[in-house]
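One structure below.
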Amino acid sequence: MTTTNSAPSSNFIKDIIAEDLKANKNEGRVHTRFPPEPNGYLHIGHAKAICLNFGLAAEYGGLCNLRFDDTNPIKEEAEYVESIIEDVRWLGFDWDDRLFYASDYFGKLYEFAILLIKKGKAYVCDLSADEIRETRGTLTEPGKNSPYRHRSVEENLDLFERMRAGEFEDGSRVLRAKIDMASGNLNMRDPVMYRILRATHHRTGDKWCIYPMYDFAHGQSDSIEGITHSLCTLEFEDHRPLYDWFIQKLGIFPSRQIEFARGNITYIITSTRRLRQLVEEGHVSGWDDPRMPTLSGMRRRGYTPESIRRFWQEVGVAKRENNIDIALLEHCLREDLNLRAPRVMSVLHPLRVVIDNYSEDQVEELDAVNNPEDPAMGKRKVPFSRILYIEREDFREDPPKKFFRLAPGREVRLRYAYYIRCVGVVKDEKTGEVVELHCNYDPATRGGWAPDGRKVKATLHWVSAAHAIEAEVRLYDHLFAKEDPSEVEGDADWKSNLNPNSLETLTSCKLEPSLAGAKPGYRCQFERQGYFCVDLDSSEENLVFNRTVSLRDTWAKIEKAQEMKQVH
RNA sequence: UGCGGGAUCGUCUAAUUGGCAGGACAGCGGACUCUGGAUCCGCCAGUCUAGGUUCGAGUCCUAGUCCCGCAGCCA
């Protein structure tokens, strides 16, 4: 079965690459990189950049590096490096031996700084952070030159060497590029290149007490690696003149930076800072909470890497602001899972059903198809007996219009089993709650076919009570109740948009016995309900399933529409 | 009269670079169905505004409007 690819085949980045190729720039090479800062876990937004960079390289027969932008030892940790490597691999990409770190280039970057000092293009500045801010000017007014701007090359060389040697206190001096304090582009107003920072770096330890700023590391890192097309998000657009300035003054390989719009998705936040806050304040169980938009969370939830890649391909890439309907993500997920997830029957909200005319000691093993989309996935046996569970929602004592399922006197099909007719309803005397159904089955309908050709309007899933295995099932809803989670009333906190019902835990769910021993990560479809995945918390004794995504639910839509009608 | 970007169906994104505004998601309707799933078919719906150039403008020109980013020794 081939799915037609409707994704846009063209975008502005490909246009640029095609032009460059046509002009025989870079000897026809295409070399990209994915440059995460190891200060948190990767999320769905990072996946866009990953798919773009690795995808473009693959498409043009080029290469894509994985490079950690680790220039700030205060924020970065080895734990994050590990998780990022795992997540990029999981997404399905490979960088061979091209795993790099900006910190690999600290020595080189230091040499670059010296070179700029020697050229009179950089100087050591003794202004405090506050003073630098004050003299930077504003968006509409030019800045003022630093009093240290005209130090001699010799003095700058000496001071910078002593900064490196640890002679000065943290924050007491910086190295600045000598560009233009009156530039309309604030990034060009003598930006800081190096700061003094006594912090242990996750890779270089205590070797350095000065660290380059991102702006003095990123462009040169690209250059060193021979990156031909350096893709980044829009907010770096006005940093490009600065990178180009460094590259030009240094006379090193010029990468071409291309900026694209990050992909926002409804009901999702992708701010690393905020995600960390959710973790640290315990709003979620961790970075890999299945409600998190992190790749580790989505993996645990049951997302496939294919569905994520497909999603970003469908979305495409452009420069305009965007807010993608999360329904598209879920569509890509379902589309993928539909083809590969084996079907099973599980009852989430059990309602006991006694088949009065089925003998007590009888058990039948019935044939069930594993995946109607893929005959190669074969069949399995499911046990049928006198006492069953069906979904509580599948019975209505007083069925509304268009409700086709079980009701008193009504006949339905039990999937792969028999036609049954409801002949009795047992209720709790006090609460009035339906606690048990009595039904008759038609022995002639074994397997689910009526020899007389009579039709039923519904097919229900079920589980044999005596054979059922119990499990905990976790149902998820959007983590945020608002389509735009950052939109708040008044001065309310963004966390006030957290959806209090994003997790619903069901216990004593009844699963068909074939699920016994299912291991974490195992994905399947609970028929008529959705796609589910065995959670990391699951064990042999205590099975735990996550609902990855529900199936499309036409009845829910009809019912909702009916309710709306009644209201009006 | 700071600098830099961006405006195409409800949403995301195309348009052979001046030549029939197309696709996907969502929504709605229908067909089919042993999952109210899947699948199939159909419908709805768009070029920010005003001028101009042109046989012809989403695309080129002029003037506007609106939106986003930038004042970390963060990335």
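Proteins come first, then strands; the chains are lettered A, B, ... in the order of their sequence lines, and each starts at number 1.
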- [ ] Show your working on ring pair (Phe, Tyr, Trp, His ring centres under 6.0 Å) between A:His201 and A:Phe106 and close with a plain yes or no.
- [x] CA-CA 12 Å; A:His201 187 277; A:Phe106 280 173; 5.5 Å; yes
Task: Stepwise ring pair (Phe, Tyr, Trp, His ring centres under 6.0 Å) test for A:Phe68 and A:Tyr101 - done: CA-CA 5 Å; A:Phe68 288 97; A:Tyr101 297 80; 5.2 Å; yes
- [ ] Answer yes when A:Glu314 and A:Arg310 have at least one side-chain N-carboxylate O distance shorter than 4.0 Å, and no when they do not.
- [x]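 Salt bridge present between A:Glu314 and A:Arg310.
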For a quick check of understanding: with a heavy-atom distance under 4.0 Å over all strands, which category does [X] fall into, base, sugar-phosphate or nothing?
{"X": "A:Arg413", "value": "base"}
{"X": "A:Ser10", "value": "sugar-phosphate"}
{"X": "A:Glu37", "value": "sugar-phosphate"}
{"X": "A:Phe403", "value": "base"}
{"X": "A:Phe236", "value": "base"}
{"X": "A:Ile74", "value": "nothing"}
{"X": "A:Lys557", "value": "sugar-phosphate"}
{"X": "A:Val456", "value": "nothing"}
{"X": "A:Leu337", "value": "nothing"}
{"X": "A:Ile324", "value": "sugar-phosphate"}
{"X": "A:Ser128", "value": "base"}
{"X": "A:Pro372", "value": "base"}
{"X": "A:Gln525", "value": "base"}
{"X": "A:Ala318", "value": "sugar-phosphate"}

Task: A:Tyr41 and A:Trp287 aromatic ring geometry - parallel, tilted or perpendicular at 30°/60° bounds - done: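 Rings of A:Trp287 and A:Tyr41: parallel, under 30°.
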Open item on the list: Counting only heavy atoms and a strict 4.0 angstrom limit, can you tell me which residues of residues 189-204 of chain A come near RNA chain B?
Closed with: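 Contacting residues: A:Val192, A:Arg195.
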Between [N] and [X], counting only base atoms on the nucleotide and side-chain atoms on the residue, is there a donor-acceptor pair under 3.5 Å?
{"X": "A:Asn185", "N": "B:G4", "value": "no"}
{"X": "A:Arg320", "N": "B:U13", "value": "no"}
{"X": "A:Arg240", "N": "B:G4", "value": "no"}
{"X": "A:Glu373", "N": "B:G37", "value": "yes"}

- [ ] Specify the residue among A:Arg446 and A:Asn187 whose closest nucleotide of RNA chain B lies further upstream toward the 5′ end.
- [x]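 Checking each residue's closest nucleotide, the 5'-ward one belongs to A:Arg446.
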Open item on the list: Please compare A:Lys455 and A:Ala327 by the position of their nearest nucleotide in RNA chain B and report the one closer to 5'.
Closed with: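 The answer here is A:Ala327.
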Is the shortest side-chain N/O distance from [X] to OP1 or OP2 of [N] below 4.0 Å?
{"X": "A:Arg552", "N": "B:A38", "result": "yes"}
{"X": "A:Thr554", "N": "B:G37", "result": "yes"}
{"X": "A:Thr272", "N": "B:A75", "result": "no"}
{"X": "A:His461", "N": "B:U35", "result": "no"}
{"X": "A:Arg415", "N": "B:G36", "result": "no"}

Task: Options B:A75, B:C70, B:G5, nucleotide nearest the side-chain atoms of A:Asp238 - done: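 Of B:A75, B:C70, B:G5, B:C70 is nearest to the side chain of A:Asp238.
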Task: Complementary nucleotide of B:G58, counting Watson-Crick and G-U pairs under 3.5 Å - done: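 Its partner is none (no Watson-Crick or G-U wobble pair with both distances under 3.5 Å).
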TODO: In sequence, state the C-alpha distance, the side-chain angles, and the governing distance for A:Arg454 and A:Asp452, and then conclude on salt bridge (charged side-chain N to carboxylate O under 4.0 Å, His left out).
DONE: CA-CA 6 Å; A:Arg454 74 180 190 277; A:Asp452 63 4; 3.1 Å; yes
TODO: State the syn/anti category of B:U39 according to its glycosidic angle, syn meaning within 90° of 0.
DONE: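 Base orientation: anti.
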